[in-house]
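Proteins get letters first, then strands, A, B, ... in listed order; numbering begins at 1 in each.
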Amino acid sequence: MIAFIIQRLLQGAGVVLAMSVIVFVGVFAIGDPVELLINPDADQLTRDAVAHSLGLDQPLWRQYLIFLWSAVHGQLGTSFVFNIPAIELILQRLPATLELALGATLLAITIGIPLGLIAGLFDNSWFSRVIMAGSIFGFSLPTFWVGLILILTFGVWLGWLPVFGRGETVAVFGIEWSFLTLDGLAHLALPVLNLALFKVALFIRLTRASVREIVPQDFVRFARAMGIHPSRVLTRHILKNIMIPIVTVIGIEFGSVVAFAVVTESIFNWPGMGKLIIESINQLDRPVIVAYLMVIVVMFVFINLVVDLLYAVLDPRVRLGSTSR
Amino acid sequence: MTEPLNTMPENEQPVLNISGLSTVYNLKIGQVKSVTDVSFELARGEILGLVGESGSGKSVTGLSIAGLITAPGRVVSGSVLLHGQELTTLSENALRAIRGNDISIIFQDPMTTLNPVLTIGQQFFEVIHAHRKCSYSQAMKEAETALIEVGIPAPRERLDNYPHELSGGMRQRVCIAISLINKPSVVIADEPTTALDVTIQSQILHMMQRLVRERDVAMIWVTHDLSVVAGFCDKLAVMYAGRIVEAGPVQQVLSNPAHPYTAGLMDSIPGDCLPGSRLEQIPGTQPSPLQLPSGCAFRTRCKYARNECAEKPPEVAVGSGRTAQCFFPLTEVQNVRRK
Ligand SMILES: Nc1ncnc2c1ncn2[C@@H]1O[C@H](COP(=O)(O)OP(=O)(O)O)[C@@H](O)[C@H]1O
Ligand SMILES: [Mg+2]
């Protein structure tokens with residue numbers, strides 16, 4: 001167990017290192033931030049001075065080594081634009097995105113899994129067909145369009161919910177949270193719904209498929225043949241088996257919401273990481289882009305580790321540390 | 001109608017009394033008559049061998065008795081009396097209380113019958129807890145005893161194992177122990193040894209025989225293998241295309257089969273053949289269950305068939321407690337010549 005975690009952490013470190021090279025070179029290739037940062041009329045001397053102050057006059061490999069050296073010391077560079085440490089900038093925005101991602105994932109689980117169960121257990125009934133037809137919409141409607149429709153419907157026509165920003169926040173341990181105030185919750189509602197829609201559809205389909213796979217199996221028939229109550233067969237025998245694929249997808253989906261909440265955050269003007277990264281790309285704020293991507297990579301490595309550990313908890317056939325997986 | 005098979009003491013009421021049981025599957029392509037007009041009786045401690053080719057309706061018979069037929073299948077007629085109580089009209093909940101408690105089933109494939117994510121102990125607990133109030137530790141005590149009875153060494157450790165940690169033979173022993181844990185009076189064993197290799201097969205066979213005798217359980221032993229029933233069962237019922245075509249005490253049926261299908265099955269057992277002589281095979285294949293021949297379903301493959309066989313064959317008594325559904329049951333003379 002401990003050996004497995006250490007092994008995975010080392011592997012993760014390798015992934016992070018490899019990603020850092022790719023990200024660094026990739027971002028370097030996008031363009032020269034000096035052009036964007038200074039007055040186009042400035043002379044060469046000013047340019048050189050700016051480039052030198054930002055460390056951009058160094059060769060790429062040296063820039064990378066400097067980056068690596070400071071990364072080891074917890075510094076991922078200083079934002080060209082805001083002139084504060086990039087990592088600080090990102091961590092400031094992280095709670096807002098986490099709030100969205102957690103909300104969307106929770107909503108998707110609490111709606112998607114029960115509906116998927118119903119659709120899987122009562123496969124031929126009309127309500128199962130309605131659920132499945134509904135899930136096709138969730139899958140195929142583009143997020144930005146749904147976001148706009150939500151704004152139009154609930155924000156503009158009905159005027160029920162705010163569509164801009166985080167609303168009132170409360171600080172807990174120095175971090176601002178929206179979900180602890182009523183106003184903040186109202187602000188959360190639409191973006192969370194927007195982000196959750198696709199995932200609700202995904203969980204419906206995933207749960208249904210898993211149920212349909214498990215129900216005809218012999219051990220479910222045996223449980224019924226032994227007179228175990230249907231509700232118990234569901235919770236103890238079916239659910240426990242379908243949680244194995246579902247947990248994996250929850251992990252991946254949570255990661256992807258955090259990483260790619262960009263569209264929703266832009267539409268609802270949500271001051272999260274997604275919005276920050278879009279702004280930073282526009283301004284070629286290299287340290288922020290690099291730091292953001294590194295944070296995302298670390299997050300995915302961490303999520304994968306947690307999913308693997310949960311896997312081993314849920315499925316006794318999985319052995320931690322075996323290299324065959 | 002069907003005459004009961006009389007191998008039980010006169011005064012004793014049969015534990016299980018099946019009469020006229022018919023089950024169909026309504027599929028889009030048509031109606032499959034999986035089980036038609038099946039009748040038999042079973043007394044305490046008695047073992048009935050239910051034999052027939054695969055697809056003949058043996059499993060569906062077992063499931064119908066336990067009330068486990070699900071859509072698109074349906075029990076269309078007949079009665080199942082357990083201790084004189086009619087089961088076919090019971091509510092699902094009342095049936096559930098009987099299943100796993102008074103009637104138990106053992107399935108064919110031990111590799112898939114146990115839940116992969118629950119320990120053996122938990123699976124025992126599930127089945128005990130479904131029928132009576134019982135603490136987990138009390139259930140584990142019972143489970144341990146049950147595992148010893150089915151010949152599993154170090155039972156306490158096994159209780160903490162998951163199914164994948166046990167061998168196939170071990171798992172089938174566990175399944176048997178689980179299905180017997182609530183002391184049922186009827187056990188339906190649906191080819192429980194088919195998936196196992198031969199040595200383990202015979203071990204399990206002997207163990208089952210001992211348990212059934214010790215506990216006075218009535219058992220239906222479903223198999224497609226006529227060679228195992230001889231020393232093991234009391235009675236034999238031979239199924240073909242959903243019907244019991246011949247039934248009776250096992251020795252008499254085997255030594256002197258009345259239905260040509262039974263004779264055909266026996267001739268195709270390799271072990272009973274004289275060395276060097278040709279292994280007989282029943283010609284042709286089973287008819288499609290969607291389009292059974294009129295009258296006797298076996299007539300298309302039967303070398304004794306005549307025109308009359310297109311009518312529904314009568315059920316004739318061919319000896320004490322023996323019946324055959326045939327116009328022209330084989331005589332002893334014919335059987336001697338057959339060999
Ligand atoms: N769930 C089902 N759906 C449709 N047909 C079925 C189903 N179960 C059994 N049958 C049909 O019923 C007949 C008898 O099957 P079964 O009792 O399983 O045979 P066996 O004697 O091999 O146990 C077969 O023709 C089979 O196709
Ligand atoms: Mg079968």
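Atom CG of A:Leu10 is surrounded by more than 12 heavy atoms from other residues, nucleotides or ligands within 6.0 Å. Other residues, nucleotides and ligands contribute at most 12 non-hydrogen atoms within 6.0 Å of the CZ atom of A:Phe137. Atom CZ of A:Phe302 has 12 or fewer heavy atoms from other residues, nucleotides or ligands within 6.0 Å.
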When you scan chain B against chain A, which donor-acceptor pairs turn up at less than 3.5 Å?
| residue | atom | partner | partner atom | Å |
| --- | --- | --- | --- | --- |
| B:Arg96 | NH1 | A:Gly227 | O | 2.7 |
| B:Gly100 | N | A:Ala225 | O | 3.4 |
| B:Thr112 | O | A:Phe219 | N | 3.1 |
| B:Thr112 | OG1 | A:Asp218 | OD2 | 2.6 |
| B:Asn115 | OD1 | A:Asn241 | ND2 | 3.0 |
| B:Asn115 | ND2 | A:His237 | ND1 | 3.3 |
| B:Val117 | O | A:Lys240 | NZ | 3.4 |
| B:Glu126 | OE1 | A:Arg232 | NE | 3.0 |
| B:Glu126 | OE1 | A:His237 | NE2 | 3.2 |
| B:Glu126 | OE2 | A:Arg232 | NE | 3.3 |
| B:Glu126 | OE2 | A:Arg232 | NH2 | 2.6 |
| B:Glu126 | OE2 | A:Arg236 | NE | 3.0 |
| B:His131 | NE2 | A:Met226 | O | 2.8 |

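The two atoms that bring A:Phe222 and B:Phe107 nearest to each other are CA-CE1, 3.5 Å, heavy atoms only. Taking every heavy atom of both residues into account, B:Ala130 and A:Gly227 meet most closely at CB-O, 3.6 Å. Residues B:Leu68 and A:Ala225 share a closest heavy-atom pair of CD1-CB, 3.4 Å.
Ranked by heavy-atom pairs shorter than 4.5 Å toward chain A, the options B:Leu63, B:Leu95, B:Ile188, B:Ile105 are led by B:Ile105. Between chain A and the options B:Ala66, B:Pro116, B:Pro163, heavy-atom pairs under 4.5 Å are most frequent for B:Pro116. In terms of heavy-atom pairs under 4.5 angstrom with chain B, the leader among A:Val233, A:Val220, A:Ile228, A:Leu314 is A:Ile228. Heavy-atom pairs under 4.5 Å with chain A were tallied for B:Ile181, B:Val117, B:Val127, B:Leu118; the largest tally goes to B:Val117.
Note that CD1 of B:Ile103 is 10.5 Å distant from CE of A:Met226, once rounded to the nearest 0.5 Å.
Contacts between A:Ile244 and chain B at a heavy-atom distance below 4.5 Å involve the side chain alone, from C-beta outward.
When the ring-ring contact (aromatic ring centres under 6.0 Å, His included) test is applied to A:Phe139, the partners found at least two apart in sequence or on another chain are A:Phe198.
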